[in-house]
Protein chains: 2
Amino acid sequence: MDIRQLRYFIAIAEEGQITGAARRLRMAQPPLSQQLKQMEEELGVELIERSGKKIALTQAGVTLYKQALNLVHQMEEAISEVKETGEGVRGTLSVGVSALSSYRLPEQIRQFRERYPLITYKVWKGDTQLLSQWLEQRTVEVAIVRLPHSLAHCTTIPLLEETFVLIVPVSSPLSQKDSIHMREIADHPLIMPSTPGLGIYELLVKEFGRLGVTPHVICECPDLSLIVSMVGAGVAAAIVPRSAWETQGNANISRLEITGTSITSSSAIVWQTERHLSKAARHFIEMFAPIPEQ
Amino acid sequence: MDIRQLRYFIAIAEEGQITGAARRLRMAQPPLSQQLKQMEEELGVELIERSGKKIALTQAGVTLYKQALNLVHQMEEAISEVKETGEGVRGTLSVGVSALSSYRLPEQIRQFRERYPLITYKVWKGDTQLLSQWLEQRTVEVAIVRLPHSLAHCTTIPLLEETFVLIVPVSSPLSQKDSIHMREIADHPLIMPSTPGLGIYELLVKEFGRLGVTPHVICECPDLSLIVSMVGAGVAAAIVPRSAWETQGNANISRLEITGTSITSSSAIVWQTERHLSKAARHFIEMFAPIPEQ
DNA sequence: TGCCTTTCATATGTAAAACGTATGATACGG
DNA sequence: CCGTATCATACGTTTTACATATGAAAGGCA
């Protein structure tokens, strides 16, 4: 018993005759009679009542008809779901994010969902070491990290570059200003974003060095929302990517533009070069940038 | 795409390799690879990731696996349901009853349900003319009537014979007695069961005639429960089959054995001889008596 | 590293199954 | 009563699923 035979039976049941059903199925009548007979033998049940010219469904026939409708429908549903999954319009996307990139993910997912509303997500958050492990084990297919990173065997596509801003508590005298020179920042206690393996901390320290000053770092923290909380609580000021301010900022915090420097940071989307990318992941990446040929 | 291929894919997914799946399916490995390839082409989707020796399901593969499990299960359910219907352990049984037999039907159905709990019922109640029409149109498959009847082209199996009893209101002086002679009944006003086409009325009248008396019939009624109600209300006495008293009797009614006669009545189960009987109907009939060969 | 084993893919032949054509049997309608 | 329509049977053809033989490539082990 297979789906083809179920389709045959549906046609027979709905046409009320074998000849008509055969016409509808664009096939000859004898093989259809033959298939019907075969089904009856396989099931050990009469499916139609043969009284001369006309046929009528037996009870078993009615049962089979209902079931067949259902099964054929389900089969079609299944096929289209598999196709959609293959095309990446449905499926599960596993994304790893570093702590310093995670705050942008919700917006990225929101945007992606507009185009591919059937995709579901698994989001993992961890430091570079964990991300590397997850990429290796295929726990995640893609990761979003801060550049520069130290992930091996990966293709990296940088996302939008962004400048840094200084966020300060509104209680601070600095909150009266609109901007501040990089060199001047070194005079104030600072909280710095820092995650093992991520280069932002080194990048900033090197830039301070180029300007001949040493920052007064009172706290390193890998979690941006925690940094923002600390600033909001009046602990100190912090240098953070502009988008971090835009998404996490609140009334307790003021933002100062940083002058006298041109350092930027960018997130990047990363995946293992040699391994297979699901269509969903491919689409996700392509939302930001074209994927280079292997 | 058919069920067979779904089974193949389930084996591949669960074994994690094609060779092992082929072993489990008791077939050679190449045709299985071939079928898998064919499915992928039909769906336009990669189902497994080939990285050398090992295989892993793609997202589309996972989707298909889940769907396949579901579909194969549903197919098996459907097949067994159809088989059960064909064997008459499931299905719908349409029964017609004459008014004079209907009061026994609940017990018959209760009994039948013990053996075939999956059967559902459609019960129709009407006079002989209607029953005949219903049998003809296949509105009902079988009918239960009082003998003798006048149904054409039907096979009749008599059920248990039963004698008649006289039921009287407890307010009647007759209720003091245990039995009464048939001839004596003619002295009292009577309600008689009577349905067009059913022979009970004629049977009883003829019996009175044989004894040289004429009954004093003040009411003819085709509905037994109505007769019982009337007796209970003190309208008159009534001659009814014994089982009618047993099932419908109540505290307002006394029963008297009838002596001086040996007339009996029996219900019978009836169906159209030349037409197909569903297995459910066949089993229902066989609960009471073996079905004669055609 | 090199060899062996395991696994998947390809090629080709064979057996089975589905299908089409031709034809016969039977019932319904004019 | 005959013509037409429908289902069943018989037989040949095509398609397709399967088996065998063999090649390619990757992982395991010395």
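It should be emphasised that the depicted structure is a prediction, and the values quoted were computed from it without experimental measurement. Below, read A as the first sequence line, B as the second, and so on, with proteins coming before strands; counting in each chain starts at 1.
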Check: Does a side-chain N-to-carboxylate-O contact under 4.0 Å join A:Arg146 and A:Glu161?
Finding: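 Answer for the salt bridge query: no.
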Note to self: I'd like to know if B:Glu14 and B:Arg24 make a salt bridge, using a cut-off of under 4.0 Å between side-chain N and carboxylate O.
What the structure shows: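 Looking at B:Glu14 and B:Arg24, the cut-off is met.
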Check: Less than 4.5 Å apart, any side-chain heavy atom of A:Ile55 and any of A:Ile12?
Finding: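 Yes, their side chains come closer than 4.5 Å.
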Checklist line | Close side-chain approach of A:Arg23 to A:Gln17, heavy-atom, < 4.5 Å | finding: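 They are in contact (side-chain heavy atoms under 4.5 Å apart), so the answer is yes.
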Would you mind reading off the distance between [X] atom [atom1] and [N] atom [atom2], rounded to a whole angstrom?
X: B:Leu36; N: C:dA9; atom1: CG; atom2: C1'; result: 12 Å
X: A:Arg7; N: C:dA18; atom1: CZ; atom2: P; result: 16 Å
X: B:Leu32; N: C:dT7; atom1: CG; atom2: P; result: 14 Å
X: A:Glu49; N: C:dA27; atom1: CD; atom2: P; result: 15 Å
X: B:Gln29; N: D:dG23; atom1: CD; atom2: C1'; result: 12 Å
X: A:Glu41; N: C:dA18; atom1: CD; atom2: C1'; result: 15 Å
X: B:Leu47; N: C:dA9; atom1: CG; atom2: P; result: 12 Å

For [X], what residues pass the side chain to side chain contact (heavy atoms under 4.5 Å, CB included) criterion, not counting sequence neighbours?
X: B:Ile79; value: A:Met1, A:Leu43, B:Met75, B:Lys83
X: A:Leu130; value: A:Asp127, A:Gln133, A:Trp134
X: A:Leu118; value: A:Glu84, A:Arg90

Note to self: Just N and O in the side chain of A:Ser33: are any of them under 4.0 Å from OP1 or OP2 of D:dC7?
What the structure shows: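 No, outside the criterion.
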Check: Would one find a side-chain N or O of B:Lys37 under 4.0 angstrom from OP1 or OP2 of C:dC8?
Finding: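 No, because none of the side-chain N or O atoms of B:Lys37 sits under 4.0 Å from OP1 or OP2 of C:dC8.
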Item checked: Selected nucleotide, minimal atom distance to B:Gln17 side chain, candidates C:dT10, D:dA8, C:dC8 ->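 Output: C:dC8.
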Item checked: Interatomic distance, B:Ser267 atom OG to B:Ile144 atom CD1 [nearest 0.5 angstrom] ->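 Rounded to the nearest 0.5 Å, the OG-CD1 separation comes out at 7.5 Å.
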Item checked: NZ on A:Lys37 to CD on A:Glu42, rounded to 0.5 Å ->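 So the CD of A:Glu42 and the NZ of A:Lys37 are separated by 15.0 Å.
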Next item on the list: Could you give me the CA-CA distance, side-chain angles and deciding distance for B:Leu47 and B:Leu57, then say whether side chain to side chain contact (heavy atoms under 4.5 Å, CB included) is met?
Entry: CA-CA 6 Å; B:Leu47 295 172; B:Leu57 296 188; over 6 Å; no
Checklist line | Whether B:Phe284 and B:Phe288 hold their rings parallel, tilted or perpendicular, with breakpoints at 30° and 60° | finding: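 It falls in the perpendicular class, over 60°.
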Grab the N/O contacts between the protein and nucleotides 16-18 of chain D below 3.5 Å, and write none if there aren't any.
unit_1 : atom_1 : unit_2  : atom_2 : d
D:dA17 : OP2    : B:Gln38 : NE2    : 3.0
D:dA17 : O5'    : B:Arg4  : NH2    : 3.4
D:dC18 : OP1    : B:Tyr8  : OH     : 2.6
D:dC18 : OP2    : B:Arg4  : NH1    : 3.3
D:dC18 : OP2    : B:Tyr8  : OH     : 3.1

Next item on the list: Please list, by residue number, the residues of residues 18-25 of chain A whose heavy atoms come closer than 4.0 Å to an atom of DNA chain D; answer none if no residue qualifies.
Entry: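 Listed by number, they are A:Ile18, A:Thr19.
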Check: Per the end-axis method with five pairs at each terminus, what is the bend angle of the helix from C:dT1-D:dA30 to C:dG30-D:dC1, to 10°?
Finding: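 Between the axes fitted at each end of the helix from C:dT1-D:dA30 to C:dG30-D:dC1 lies an angle of 30°.
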